[in-house]
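We name chains A, B, ... by the order of the sequence lines, and we start the count at 1 in each one.
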There are 2 protein chains.
Amino acid sequence: MTTTTDDARTNGVDTATLLATLDAVKGQPEIAEFQFRATNTWLGGTHSRSSFWGFHGAMQEMEHKHLTEVDADHPAVLVGQDEAPTPVEHLLHAIAACLTSGIANIAAVRGIQLTRVSSTVEGDIDLLGILGLSDGSVRNGYQQLKVTFHVEGDADDATLRGIVEQSRRRSAVYDVLTQPTFVAIEVVTG
Amino acid sequence: MTTTTDDARTNGVDTATLLATLDAVKGQPEIAEFQFRATNTWLGGTHSRSSFWGFHGAMQEMEHKHLTEVDADHPAVLVGQDEAPTPVEHLLHAIAACLTSGIANIAAVRGIQLTRVSSTVEGDIDLLGILGLSDGSVRNGYQQLKVTFHVEGDADDATLRGIVEQSRRRSAVYDVLTQPTFVAIEVVTG
C-alpha cells in the first residue's frame with residue numbers, strides 16, 4: 001500500500017506535532033518515562049492470548065484506542081495446535097514494525113515522501129537448544145535475524161539508505177534484541 | 001480459561017508425541033534447524049502489518065494452518081494513529097507466550113495438571129533514547145521487563161515454581177531478550 005503525497009502530513013506523519021512533541025520532552029524529560037504492558041492467558045496446550053490496553057506515559061495512565069488481542073501457539077511439527085504464530089515469530093513482527101515506524105517518521109522529518117516500505121524478516125534457530133538436546137553450545141534463541149527492506153520514495157539510494165540506518169540507530173526493538181535486557185520473573189501460585 | 005483433566009493429553013499437550021519428537025531429534029539433529037519468517041508492509045504513518053505463513057523446519061518448507069496478520073502502530077501521544085499495539089508491546093506478548101507454552105509442556109511431561117496460567121508483563125522504557133534526546137546514557141530499548149505469573153495446578157508451590165524456572169531456562173524468547181542477538185539489515189531501493 002502506498003500513501004499519497006500530502007504536504008501537511010508527509011508519509012502520513014504529522015511532522016509538526018512530532019517536532020512539537022520533541023520540544024515538549026526536551027522541556028520536561030519525565031514525560032518520556034513510559035511503561036507498556038500486556039496480559040497473557042493460557043488457553044490450553046501451547047496456545048495463549050495476550051491483551052493490550054493500558055499503558056503509562058506522559059505522566060499519566062493512558063489507554064489505546066482499541067483493545068487488541070494477539071495469540072501465539074506452537075506449530076503441529078512442534079506438537080502444538082498451530083492456532084497462531086509462534087512466540088519467536090512475534091519477535092520478527094516487532095523488529096520489522098519498529099524499524100518501519102522509524103523509517104516513516106525520519107523520512108517525514110527530512111521531507112522525503114516514501115511510496116513503499118516493505119520488509120521480510122528471517123530468523124534462524126536451532127531447536128536443539130530449547131529441546132534441551134544441546135551440550136550447551138546451541139543457544140535457545142535465534143542465532144541471527146536478517147531484515148531485508150524494500151524502500152521507495154522521492155530520494156536517491158544513499159538518502160533512503162541513510163533513513164533506514166538512522167531508524168536502526170533509534171530503534172527500541174533493535175536495541176532490545178541486540179543488547180541484553182533484564183527480564184525479572186515472579187511467580188504467584190495457588 | 002481452564003482445561004479439563006485428560007490423562008492422554010495433560011494440559012492439552014500430546015505428551016507421547018512430544019517425547020517421540022524429542023527422540024526423533026536426538027536421532028537426527030538436522031531436523032531441529034528452523035527458520036521463521038515474517039513479511040511486513042507499511043500502511044502509512046507509523047502503522048504497519050506483518051504476515052506469517054511459511055517457515056522452514058524438519059528439513060522441509062512448511063506452512064501454518066492459518067495465515068495470520070498482526071498490526072503495529074504508535075499511540076497518539078507518540079504522534080501515531082494508535083491503530084494497533086506498539087512494536088515494543090509485541091515483545092511483551094512474545095515473552096509471556098513463550099514462557100507459557102514452556103510451562104504447559106514441562107508440566108505435562110512432569111504429569112502436573114495445570115488449571116491456570118496467566119501473566120502480566122510490564123516493560124519500562126525511557127523514550128529519551130529513541131527520541132535522540134539522551135546524552136547516550138539512556139538506551140533506546142526497555143530498561144527492564146517484569147513478568148508476573150499466576151500458576152495453579154495439582155502440585156505444591158515449589159513444584160509449580162520449578163516448572164516456571166525450567167521454562168525460563170529453555171525459553172527462546174527469554175534468551176533473545178536477555179542475550180545479544182545479531183540483527184542484519186539489508187536495504188533494496190528504487
Side-chain angles (χ1 to χ4, degrees), chain A residues 3 12 18 32 34 36 38-42 44-46 48 50 52 65 72 79 82 85 87-90 92-94 96-98 100-101 117-121 123 127-128 130 140-141 144-150 157 160 164 170 172-173 175-177 181-189, chain B residues 3 12 18 32 36 38-42 44-46 48 50 52 65 72 79 82 85 87 89-94 96-98 100-101 117-121 123 125 127-128 130 140-141 144-150 157 160 164 170 172-173 175-177 181-189:
Chain A
T3 57
L18 186 60
F34 275 60
F36 290 108
T39 60
N40 182 276
T41 304
W42 177 51
T46 51
S48 73
S50 290
F52 304 94
K65 192 165 70 176
V79 202
D82 199 19
V88 288
E89 285 170 291
H90 288 285
L92 309 183
H93 168 53
C98 190
T100 298
S101 296
V117 184
S118 63
S119 57
T120 60
V121 192
L127 301 184
L128 292 180
I130 65 169
N140 292 330
Q144 59 193 359
L145 300 185
K146 180 178 171 188
V147 188
T148 305
F149 273 102
H150 285 72
D157 175 81
L160 295 173
V164 176
R170 286 280 158 258
V173 173
D175 180 45
V176 169
L177 299 187
T181 304
F182 179 68
V183 179
I185 300 176
E186 295 198 358
V187 183
V188 179
T189 65
Chain B
T3 56
L18 186 60
F36 290 108
T39 61
N40 181 276
T41 304
W42 177 51
T46 51
S48 73
S50 290
F52 304 94
K65 193 164 70 176
V79 201
D82 199 18
E89 285 171 290
H90 287 285
L91 296 177
L92 310 182
H93 169 53
C98 190
T100 297
S101 296
V117 184
S118 63
S119 57
T120 60
V121 192
I125 186 167
L127 301 184
L128 293 181
I130 64 169
N140 292 331
Q144 59 192 358
L145 300 185
K146 180 179 170 188
V147 189
T148 306
F149 272 103
H150 285 73
D157 175 81
L160 295 174
V164 176
R170 286 279 157 258
V173 174
D175 180 45
V176 170
L177 299 186
T181 303
F182 180 69
V183 179
I185 300 176
E186 296 197 358
V187 182
V188 179
T189 65

Closest approach of B:His93 and A:Ala38, non-hydrogen atoms and distance? N-CB, 4.4 Å
Name the option with the most non-hydrogen atom pairs under 4.5 Å to chain A; the candidates are B:Ala97, B:Cys98, B:Ser118, B:Ala72. B:Ala97
Strictly distance-based, threshold 3.5 Å: is any side-chain N or O of B:Asp82 a donor or acceptor partner for the main-chain N or O of A:Lys65? yes
Does some side-chain heavy atom of B:Leu160 sit less than 4.5 Å from a side-chain heavy atom of A:Val187? no
Please determine which of B:Thr148, B:Thr120, B:Leu92 meets the side chain to side chain contact (heavy atoms under 4.5 Å, CB included) test together with A:Thr39. B:Thr120
Main-chain N/O of A:Thr46 paired with B:Ser101 side-chain donor or acceptor, under 3.5 Å: yes
Any side-chain heavy-atom pair from A:Val88 and B:Val176 closer than 4.5 angstrom? no
Partner chain A: residue of B:Leu91, B:Val164, B:Thr181 with the largest heavy-atom pair count (under 4.5 Å): B:Thr181
Over all atoms of both residues, closest heavy-atom pair of A:Asn140 and B:Asp175: N-OD2, 3.4 Å
Looking at A:Ala96, A:Ser48, A:Gly123, which one has more heavy-atom pairs under 4.5 Å with chain B than the rest? A:Gly123
Could you tell me the separation between the CZ atom of A:Phe149 and the CG atom of B:Asn40, rounded to the nearest 0.5 Å? 7.0 Å
Would you sort out whether B:Val147 and A:Val183 count as a side chain to side chain contact (heavy atoms under 4.5 Å, CB included), showing the intermediate values? CA-CA 7 Å; B:Val147 189; A:Val183 179; 4.0 Å; yes
Best-contacting candidate, A:Val188, A:Ile130, A:Leu128, A:Ile185, against chain B by heavy atom pairs under 4.5 angstrom: A:Val188
Choice from A:Lys146, A:Gln144, A:Glu89 maximising heavy atom contacts with chain B below 4.5 Å: A:Glu89
Under 4.5 Å, counting heavy-atom pairs only, tell me which of B:Val173, B:Asp157, B:Leu18, B:Ile125 racks up the most with chain A. B:Ile125
With rounding to the nearest 0.5 Å, note down the distance linking OG1 in B:Thr100 to CH2 in A:Trp42. 9.5 Å
